[in-house]
Amino acid sequence: MLQKPRGTRDFLPDEMEARRAVEWRLREVARRWGYREVCTPEFEDLELFTMRSGEGIINEMYVFEDKGGRKLALRPEITAAVIRMYINEAKVAPKPLRWCYYADCFRYERPQKGRYRQFWQFGVELIGADSAIADAEVIMLASDMLDTTGVRYELKVGHLSFVKTLLKDVEPETQRKIRQQLDKKDFEGLEQTLDEMKKPDLAESLKTLVATQNLSEAFEIVGAIPERERIEQTIGYLDAAGIMYSLNLGIARGLDYYTGIVFEGFADNLGAENQILGGGVYRLAHLFGGDDVASCGFAIGFDRVMVSLGETARTKDTVAAIVCTPETRNRALEVARAFRSAGIRTEMDLMDRGFGQQLSHAAKTADFAVIIGQREAASGEVTLKDLHTGEQKTVTLDAAVAGVVASGSRG
RNA sequence: GCCAGGGUGGGGUAGUUGGUUAUCCUAGGGGACUGUGGAUCCCCCGACCCGGGUUCGAGUCUCGGCCCUGGCCCCA
């Protein structure tokens, strides 16, 4: 038997409905904040991704050559494509741009819990607003969006300037290493690295920095930094808005293009792959030949959110099953159309089942049976049977539709 | 890329020291039933992940691969 490709998944209707429900809640929150949806190609020039991250990531991407010999890649993330799109199509649009997207991405990695080779991200990008309130808005939106999914999470907010300032005399390669060690709280490795550099005194400062929840203390450690006022303002807005977050100045993020505030969200009931959100302030456009516009954005790992939510109760469609005889089928089609026009999911027997079998099947798959036999066809009424309670009554078509609609709004 | 545990009808399972046509439940389809439902009875459908090896004989032993689950690594 043919298998689906490694790391991909099939979604049956129940799961799709659950996913769409969460997806639409996210979209609705984004809409309320003014973030409008965009869509970029599923594949891009390979260069778009290597320009930013280096050739190394080719190993972790789906890369292919098309019939014209172009080197292409399935998108491993969306931010680069959105910024390319901004430069191509929207450079002169009134700033700021508030965009969001929901899209699948592809990475060639070893699958495990919460990590798949095709996965979905819901993200936002705020382009062209370079201010404390802009940074705060994106973090507040992140918080709002995670809240609406119902997932239980922790939001960590940091800023790259602290560590960068402390390490400003350190060569880039070592900086990278130290930031990773900080991110992982690998203090032994950190001390070793600093010893090798003959700067053991830095270890204490760095360790205090990543542990502190106190912004003033952090500023004392690093001394004067130009971003101080903006950071204080951003944090001030978050506090005033009552956003639940914790300060974590050791957040490294993977990439060098982040320049300011960074933040990450973690689900509290997942295993190794528990990061469900990541984002920050970055400058990327100039890499792709655009202006040096400041942007701030984040992406939510949609699949991990769904894993974290688990088998939560799903909103179920109310289903009406039409039960009829061959002679009354035309009338039944008319009745079905009335139910569908009222927004009710309505299904008819397609297998020439007998009357009793239709009911038997309806009892398994529907909430209501709408019975149209000879008697109902003659009188112009329908018999509406509530399949949960067993109650039934013969009423007008309008009354039957109204009854089913009312039960749907109930619950 | 590394480590561990797995893979028998759609789902869940049994399968003895290797031994006939692979067990049971469930789901699905058909029938009985003929205008009131999940019952009952009958019938049908449908599986040993793939390939090599050992053997008279492999679901079972062995090797390789594929896939799944969890962890490491990485994480744009």
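Per chain, numbering begins at 1; letters A, B, ... match sequence-line order.
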For [X] and [N], is the shortest distance between a side-chain N/O and OP1 or OP2 below 4.0 Å?
| X | N | result |
| --- | --- | --- |
| A:Q358 | B:U36 | no |
| A:K4 | B:C68 | no |
| A:R6 | B:C68 | yes |

Which base sits across from [N] as a Watson-Crick or G-U pair, both distances under 3.5 Å?
| N | value |
| --- | --- |
| B:A58 | none |
| B:C48 | none |
| B:G5 | B:C68 |
| B:U16 | none |
| B:U21 | none |

For atom [atom1], what is the distance between [N] and [M], given to the nearest Å?
| N | M | atom1 | value |
| --- | --- | --- | --- |
| B:U17 | B:G53 | P | 27 Å |
| B:G59 | B:G7 | C1' | 12 Å |
| B:C66 | B:C50 | C1' | 7 Å |
| B:C49 | B:G31 | P | 35 Å |
| B:G15 | B:G9 | C1' | 15 Å |
| B:U23 | B:G35 | C1' | 41 Å |
| B:G5 | B:C42 | C1' | 44 Å |
| B:G46 | B:G30 | P | 16 Å |

Taking atom types as modelled and ignoring hydrogens, do the side chains of [X] and [Y] form a donor-acceptor contact shorter than 3.5 angstrom?
| X | Y | value |
| --- | --- | --- |
| A:E347 | A:T365 | no |
| A:D147 | A:Y153 | yes |
| A:D291 | A:H286 | no |
| A:E125 | A:T79 | yes |
| A:E381 | A:T394 | no |
| A:N269 | A:S308 | yes |

Donor/acceptor link under 3.5 angstrom from [X] side chain onto base of [N]:
| X | N | answer |
| --- | --- | --- |
| A:Q392 | B:U36 | yes |
| A:R115 | B:C74 | yes |
| A:K113 | B:U69 | no |

Salt-bridge present (A:R75, A:E44; N to O < 4.0 Å):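 Not counted as a salt bridge, because no side-chain N and carboxylate O are separated by less than 4.0 Å.
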
[X] has an atom [atom1]; how far is it from atom [atom2] of [N], in whole Å?
| X | N | atom1 | atom2 | answer |
| --- | --- | --- | --- | --- |
| A:Q112 | B:G71 | CD | P | 6 Å |
| A:D186 | B:C72 | CG | C1' | 15 Å |
| A:R9 | B:U69 | CZ | P | 9 Å |
| A:R110 | B:G1 | CZ | P | 9 Å |
| A:R179 | B:C75 | CZ | C1' | 14 Å |
| A:I251 | B:C75 | CD1 | P | 15 Å |
| A:M61 | B:C75 | CE | P | 14 Å |
| A:L359 | B:G37 | CG | C1' | 6 Å |

Has A:R107 got its NZ or CZ under 6.0 Å from the middle of the six-membered ring of A:Y62, at an angle within 45 degrees of the ring axis?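 Output no; distance or angle outside limits.
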
Mind listing the N/O atom pairs, protein and nucleotides 28-32 of chain B, below 3.5 Å?
from	atom 1	to	atom 2	distance (Å)
B:G29	OP1	A:R353	NH2	2.8

Ring-plane angle category for A:Y102 and A:F122, please: parallel below 30°, perpendicular beyond 60°, tilted otherwise.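 Geometry flag for A:F122 against A:Y102: tilted rings.
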
Is A:E376 touching bases, backbone alone, or none of the nucleic acid, heavy atoms closer than 4.0 Å?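 Result for A:E376 = base.
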
Sugar-phosphate only, base, or nothing, as touched by A:G278 at under 4.0 Å among non-hydrogen atoms: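 Touches nothing.
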
